[in-house]
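First comes the structure, then the notes that go with it.
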2 protein chains.
Amino acid sequence: MKTQELLRDKKLKVTPARIELIELFKREKKPLSYEDIKDTINMDRATFYRNMNKFEEVGLFSVFESNSKIRFFEFKLTPHAHFICIECHSIECIKSLDIKLDGYEVHNMTIKGRCKNCTL
Amino acid sequence: MKTQELLRDKKLKVTPARIELIELFKREKKPLSYEDIKDTINMDRATFYRNMNKFEEVGLFSVFESNSKIRFFEFKLTPHAHFICIECHSIECIKSLDIKLDGYEVHNMTIKGRCKNCTL
DNA sequence: AACTTTAATGCAACTTAGTCGCATTAAATG
DNA sequence: CATTTAATGCGACTAAGTTGCATTAAAGTT
Ligand SMILES: [Mn+2]
Ligand SMILES: [Mn+2]
Ligand SMILES: [Zn+2]
Ligand SMILES: [Zn+2]
């Protein structure tokens, strides 16, 4: 779906900052933090966070916290889990798990542990 | 296992603060934040966090971040997932899921979404 | 039991991801 | 184009968690 439609659909104003963010995350296809992209984006920190919070609210993005209080954002295509390594701090998308919980509305899931490289 | 043994086993010094923390979390049997217990424990904030970090390192506790950067600690009996509601912010232990990932060492898991009460 | 080593504690200062207030600017609607 | 309403930038702020340092208390040793 086109970025502008996406925004109109959610009744959000179409602004350069929002287009920039959505296009960037559509391209990257992986979770990124503010720190990761602050030098490549063209907007204030507050604008970044305000927009990402809104994107999460309306369901365009999923958000999760890594080890140590850093927030990661990902454009929501197909819902899937994320594995966060406590050793090397890498984050992997885990598409093989399909989590269902009766009665609950599952938005996203994170698994913490040691990744393949770090479980020697 | 007795608290003192538990500590000796992990080669941690047996101190009043550590005993207090472990006994408290053994009793409560659920994830708690510093905020939750600061008024009932008898130690400095720094001591609390230093000990909890150590407890996680040695595998006595599992730790996860809720919505919004607050860290929750739980005495590790049987590993299980936690459901965090984005609406009412409640945290539920989900014992029915048993997550295995080949090659990975899974420590803990959090699921975000709407809980039974909040999915009207 | 005293002696020594090493790690734990309290306190205050610090760090830092994220938020907020406010004045300014720019979308949307007609 | 005029009006309304929401988004932006900026700086100040918040608060969870950390760190440095002097002090105290475990644990091991004589
Ligand atoms: Mn992913
Ligand atoms: Mn639990
Ligand atoms: Zn790893
Ligand atoms: Zn709920």
Side-chain angles (χ1 to χ4, degrees), chain A residues 2-24 31-58 60-74 84 86 89 91, chain B residues 2-24 31-58 60-74 84 86 89 91:
Chain A
K2 240 180 95 205
T3 302
Q4 295 211 353
E5 294 178 65
L6 229 47
L7 287 166
R8 292 221 183 79
D9 209 58
K10 300 294 186 182
K11 280 150 181 54
L12 297 177
K13 283 188 180 172
V14 178
T15 69
R18 286 176 178 166
I19 292 172
E20 193 184 353
L21 286 174
I22 292 182
E23 307 263 286
L24 186 157
L32 298 166
S33 67
Y34 174 68
E35 196 61 22
D36 289 334
I37 60 169
K38 66 173 181 193
D39 293 328
T40 74
I41 58 175
N42 196 28
M43 74 195 66
D44 189 68
R45 199 171 62 240
T47 303
F48 171 84
Y49 282 114
R50 279 190 282 233
N51 278 322
M52 298 316 282
N53 287 343
K54 197 140 263 174
F55 291 163
E56 185 188 27
E57 276 171 37
V58 301
L60 284 177
F61 277 68
S62 54
V63 181
F64 60 90
E65 341 243 319
S66 75
N67 293 336
S68 283
K69 61 204 152 117
I70 294 172
R71 213 161 279 181
F72 282 79
F73 304 90
E74 184 180 48
I84 304 173
I86 59 163
H89 300 105
I91 296 178
Chain B
K2 239 181 99 206
T3 301
Q4 296 211 351
E5 293 179 66
L6 228 47
L7 288 167
R8 293 221 182 80
D9 210 56
K10 300 295 184 182
K11 283 156 178 48
L12 297 177
K13 282 188 181 173
V14 178
T15 69
R18 287 179 177 164
I19 293 173
E20 192 185 355
L21 287 174
I22 293 183
E23 305 264 286
L24 186 158
L32 297 166
S33 67
Y34 173 69
E35 196 61 23
D36 290 334
I37 60 169
K38 66 173 181 192
D39 293 329
T40 74
I41 59 174
N42 195 30
M43 76 195 65
D44 188 66
R45 200 169 64 240
T47 303
F48 171 83
Y49 282 115
R50 279 192 281 233
N51 278 322
M52 298 316 281
N53 286 345
K54 197 138 263 176
F55 291 164
E56 185 189 26
E57 275 171 38
V58 300
L60 284 176
F61 277 69
S62 54
V63 181
F64 59 91
E65 341 244 318
S66 76
N67 293 336
S68 283
K69 60 200 153 123
I70 295 171
R71 213 161 280 182
F72 282 80
F73 304 90
E74 185 181 46
I84 304 173
I86 59 163
H89 300 105
I91 296 180

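What's counted below: heavy atoms across the whole structure, side chains too, no hydrogens, waters or symmetry copies. Residue numbers start from 1 in every chain, and the chains themselves are labelled A, B, ... in the order their sequence lines are given, proteins ahead of strands. The structure presented is a predicted model; accordingly, all values stated were derived computationally and were not measured.
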Nearest-Å distance for atom pair CG/C1', residues B:Leu7 and D:dA27
14 Å
Any salt bridge (Lys or Arg N to Asp or Glu O under 4.0 Å) pairs touching residues 41-57 of chain B, not counting sequence neighbours?
A:Lys112-B:Glu56
If you round to the nearest 0.5 Å, how far is CZ of A:Phe64 from CD1 of A:Ile84?
5.0 Å
Ranking C:dA28, C:dG10, D:dT8 by distance to the side chain of B:Thr47, first place goes to C:dG10
May I ask you to say what B:Lys54 touches in the nucleic acid, namely base, sugar-phosphate or nothing, with a heavy-atom cut-off under 4.0 Å?
sugar-phosphate
Do A:Arg71 and A:Val63 have side chains that get closer than 4.5 Å, going by heavy atoms?
yes
C:dC11 C1' sits how many Å from B:Asn42 CG, rounded?
15 Å
Could you tell me how far apart B:Phe48 (CZ) and D:dA16 (P) are, to the nearest whole angstrom?
12 Å
Please collect all salt bridge (Lys or Arg N to Asp or Glu O under 4.0 Å) contacts where either partner lies in residues 32-43 of chain B, sequence neighbours excluded, each pair once.
B:Glu35-B:Lys38
Excluding sequence neighbours, so at least two apart, what forms salt bridge (Lys or Arg N to Asp or Glu O under 4.0 Å) with B:Glu74?
none
When you match B:Val14 and B:Glu35 each to their closest nucleotide on DNA chain D, which lands nearer the 5' end?
B:Glu35
Which class fits the ring pair B:Tyr34 and B:Phe48: parallel under 30°, tilted 30 to 60°, perpendicular over 60°?
tilted
Grab the two heavy atoms, one from A:Phe72 and one from A:Ser66, that are nearest each other, plus how far apart they are.
CE1-CB, 3.6 Å
What are the atom names and distances for every N/O pair under 3.5 Å that joins the protein to nucleotides 28-30 of chain D?
none

Whole-Å distance separating the CE atom of A:Met43 from the C1' atom of D:dA7
11 Å
For nucleotides 18-21 of chain C, list the nitrogen or oxygen atoms of the protein found under 3.5 Å from its nitrogen or oxygen atoms, one pair per line.
| unit_1 | atom_1 | unit_2 | atom_2 | d |
| --- | --- | --- | --- | --- |
| C:dG18 | OP1 | A:Arg71 | N | 2.8 |
| C:dG18 | OP2 | A:Tyr49 | OH | 2.4 |
| C:dG18 | O6 | A:Arg45 | NH2 | 3.2 |
| C:dT19 | OP2 | A:Asn53 | ND2 | 3.2 |
| C:dT19 | O4 | A:Arg45 | NH2 | 3.3 |
| C:dG21 | O6 | A:Arg50 | NH1 | 3.2 |

A:Leu12 CG - C:dA26 C1' separation (whole Å)
16 Å
How many whole angstroms separate atom CD1 of A:Ile19 from atom C1' of D:dT8?
15 Å
Are the side chains of A:Leu21 and A:Phe55 in touch, meaning some heavy atoms are under 4.5 Å apart?
yes
Can you run down the side chain to side chain donor-acceptor pair (under 3.5 Å) pairs that involve residues 5-23 of chain B, sequence neighbours left out, and say none if there aren't any?
B:Thr3-B:Glu23, B:Gln4-B:Arg8, B:Arg18-B:Asn51
Does a side-chain N or O from A:Thr15 land closer than 4.0 Å to OP1 or OP2 of D:dT8, or not?
yes
Output the rounded distance in Å from CZ (B:Arg8) to P (D:dA27).
6 Å
Please work out if B:Lys11 contacts a base, only the sugar-phosphate, or nothing of the nucleic acid, heavy-atom cut-off 4.0 Å.
nothing
What is the distance from CZ of A:Phe55 to P of D:dA7, rounded to the nearest Å?
10 Å
